Each structure stands twice: as structure tokens, then as C-alpha cells.
Amino acid sequence: MRLVKRIANLGYGSRKEVMRMFREGRITDAAGEVLYADDAVEHDAIRVDGEPLDPPQGLALMLYKPVGYTCSTKDAGRLVYDLLPPRFRLRDPILSSVGRLDRDTSGLLLFTDDGGLLHRIISPRANVVKIYRATLAEDLRGDEAALFASGTLMLESETTPLAPARLDVLAPREARLHLGEGRYHQVRRMFAAAGNHVVALHREAVGGLALGDLAPGTWRTLDANEIARVFDSSGSAGHPGST
Ligand code: URA
């Protein structure tokens with residue numbers, strides 16, 4: 001793909017605008033030599049206004065979503081995209097979140113512009129286990145783990161029961177839930193079905209990939225090993241015994 005189109009597709013501007021950036025000498029190599037639109041240059045060697053070019057197509061990243069941000073590209077309030085560089089919203093192919101977290105849920109949210117990767121992660125067949133930590137309004141009754149593991153729990157207005165899920169009780173009002181599925185508001189609805197109410201929800205891991213030491217509201221790109229860890233069937237993400 002020609003350099004102008006490659007740079008335009010990363011959200012730097014229309015092809016016309018990127019052509020102008022070339023003419024203005026804003027696009028250089030690492031040594032500061034001005035590049036021309038028909039030069040053949042490695043991605044990593046390109047600088048725009050002295051800054052490295054954004055990651056190429058095939059981008060995957062993790063974000064620590066804080067509470068109060070919506071997984072949407074257009075909503076009146078704070079959007080998860082506001083936490084990424086503004087250019088990322090203009091990329092072609094588009095950068096999408098991998099599934100969604102509720103506005104009031106915090107934690108690990110993945111993004112990618114690779115549609116194949118996105119579908120592999122969310123496909124029920126991949127059985128990528130998502131790990132949530134829930135804080136509850138009421139003490140746990142003690143029967144929730146058996147109920148969630150039963151494979152018979154039916155949520156309101158659904159026609160198929162939930163697949164078995166694992167619950168670890170951490171404290172009277174604190175639990176870790178391991179879900180292979182990703183139904184709408186699933187965690188909140190599961191606890192509601194058990195007569196409780198989720199007051200705080202945090203996603204700790206997706207498959208074998210955990211948030212680690214990422215700070216709230218920040219993001220970083222994922223390398224191939226980290227992407228592979230998402231599909232790590234143990235789904236342990238540092239929590240021994242998870243399935
Ligand atoms: N389940 C929920 O209820 N909310 C989320 O954000 C994710 C899973």
C-alpha cells in the first residue's frame with residue numbers, strides 16, 4: 001500500500017491532507033530526513049512531526065477502563081475512546097472494543113482493528129474465560145456457587161440456560177466469577193437471579209491476560225505473546241485453579 005494511503009488510514013488525515021504533510025516536510029525518517037510520498041520506507045522508520053508513526057494495521061491494545069466511561073463511539077457522556085489518542089477513532093480499518101463493559105464496570109477492555117481476532121475472542125467456541133470481581137450489596141447466601149455451576153440457571157427473558165460458571169467466594173460480599181459466555185449485563189443479572197445486587201464490578205482478566213500493573217484510564221499495545229495468552233485455555237491469569 002502506498003505511503004500516503006497507509007498514513008491516511010492511520011487517522012492522520014485525508015490523503016490530500018497527508019500529501020500536504022509530505023510537502024510541508026513534516027514526515028521524515030528517524031534521522032530527520034524529509035520523506036517523499038513515493039518513498040519505500042519501513043513503518044518503524046517513519047516519523048510525523050518527529051514522533052513515531054502510530055502502530056500499523058493489526059493493532060491490539062488493552063485499556064484499564066475506569067467506571068463512568070461508555071463502550072460506544074457516540075454517546076453524550078465519557079467514551080472509552082476518549083482515553084485513547086483521538087486519531088485512533090479515525091483509523092481504517094476501525095478500532096473496535098472486543099465486546100463491551102457496562103458504564104459502571106471497570107477493568108480490562110481489549111481493542112483491535114483485526115476483525116478476525118475480534119471474532120476469535122468473542123466466539124463462544126473459543127470459550128475465552130472472562131474473570132470478574134464483584135462487590136455485592138448483601139452477604140452471599142452460600143448456594144450461589146452451586147447455582148452458577150449448575151448449567152441450568154435461566155436469566156429473565158432468555159430462552160437458554162447459562163453455561164456452568166465458576167464462583168470463588170472471597171469475602172461475605174466479595175466474589176470472583178469466571179465466565180465463558182458474554183451475555184448482556186450477565187454478571188449483574190446472575191447475582192440478581194441469586195437475590196443479590198452488584199454494587200461494583202471489575203474485570204480482572206480476559207483468558208490468561210490480566211490487567212497487571214496498568215493504571216486506571218491508561219492503555220498499552222499488546223504483543224503477539226500477550227494476544228496468544230488471551231486464548232490460553234487455562235484462563236488462569238494469575239488466579240490458581242480457574243478454568
Ligand atoms: N457483566 C455485567 O453485568 N456487566 C459487565 O460490564 C460485564 C459483564
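Since we're looking at a predicted model, the values are computed, not measured. These numbers come from the heavy atoms of this one structure, side chains and all, not from hydrogens, waters or symmetry mates.
Between Phe191 atom CZ and Gln186 atom CD the span is 11.0 Å, to the nearest 0.5 Å. Note that the CE atom of Met154 and the OG1 atom of Thr159 stand 7.0 Å from one another [nearest 0.5 Å]. Once rounded to the nearest 0.5 Å, the distance linking NZ of Lys65 with CZ of Arg103 reads 8.0 Å. If you take NE2 on His197 and CD on Glu138, they are separated by 9.5 Å, rounding to the nearest 0.5 Å. To the nearest 0.5 Å, the span separating CZ on Arg173 from OG1 on Thr135 amounts to 11.0 Å. Separating the CZ atom in Arg133 from the NE2 atom in His202 is a distance of 8.5 Å, to the nearest 0.5 Å.
Looking at Glu51, its side chain never comes within 3.5 Å of a backbone N or O of Val48 through a donor-acceptor pair. Checking side-chain atoms of Arg203 against main-chain N and O of Thr105 turns up no donor-acceptor pair under 3.5 Å. In this structure a side-chain-to-backbone donor-acceptor pair under 3.5 Å is present from Tyr12 to Asp54. Although no hydrogens or angles enter the test, the distance criterion places a donor-acceptor pair under 3.5 Å between the side chain of Thr112 and the main chain of Leu59. Under the 3.5 Å distance criterion, the side-chain polar atoms of Asp82 are matched with a main-chain donor or acceptor of Leu79. Using a distance-only test at 3.5 Å, with no hydrogens or angles considered, no donor-acceptor pair links the side chain of Glu181 to the main chain of Leu162. Side chain of Arg189 to main chain of Leu155: no donor-acceptor pair is present (N/O by atom type, distance under 3.5 Å, no hydrogens or angles).
Among Phe111, Trp219, Tyr81, the single residue meeting the ring-ring contact (aromatic ring centres under 6.0 Å, His included) criterion with Phe88 is Trp219. Tested against Leu110, the residues Ile227, Leu222, Leu61, Leu118 include a single side chain to side chain contact (heavy atoms under 4.5 Å, CB included) partner, Leu222.
The minimum heavy-atom distance linking Asn127 with Gly180 is given by the pair OD1-CA, 3.6 Å. Here the closest non-hydrogen pair linking Ala205 and Ala210 is CB-CA, 4.0 Å. Nearest approach of Val18 to Gly13, heavy atoms of both residues: CG2-O, 3.9 Å. Of all heavy-atom pairs spanning Leu109 and Gly99, the tightest one is CD1-O, 4.1 Å. Considering every non-hydrogen atom in both Arg2 and Ala37, the closest pair reads NH2-O, 4.0 Å. Shown here for Gly182 and Lys130, the closest heavy-atom pair between the two residues is N-NZ, 4.5 Å.
Looking only at atom types and distance, the side chain of Thr28 has no donor-acceptor partner in the side chain of Glu33 under 3.5 Å away.
When the shell of 6.0 Å around CD of Glu24 is examined, it contains more than 12 heavy atoms from other residues, nucleotides or ligands. Atom CZ of Arg87 has more than 12 neighbouring heavy atoms from other residues, nucleotides or ligands inside a 6.0 Å radius. Surrounding CZ of Arg91 are more than 12 heavy atoms belonging to other residues, nucleotides or ligands, all under 6.0 Å away. Heavy atoms of other residues, nucleotides or ligands lying less than 6.0 angstrom from CZ of Arg183 number more than 12.
Contact check on Lys5 versus Asp92 returns no salt bridge, with no Lys/Arg side-chain nitrogen under 4.0 Å from an Asp/Glu carboxylate oxygen.
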For Arg78 and Leu83, what are the C-alpha separation, side-chain angles and deciding distance, and is it a side chain to side chain contact (heavy atoms under 4.5 Å, CB included)? CA-CA 9 Å; Arg78 292 173 173 75; Leu83 299 164; over 6 Å; no
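For Tyr69 and Tyr64, the ring centers sit 6.0 Å or farther from each other.
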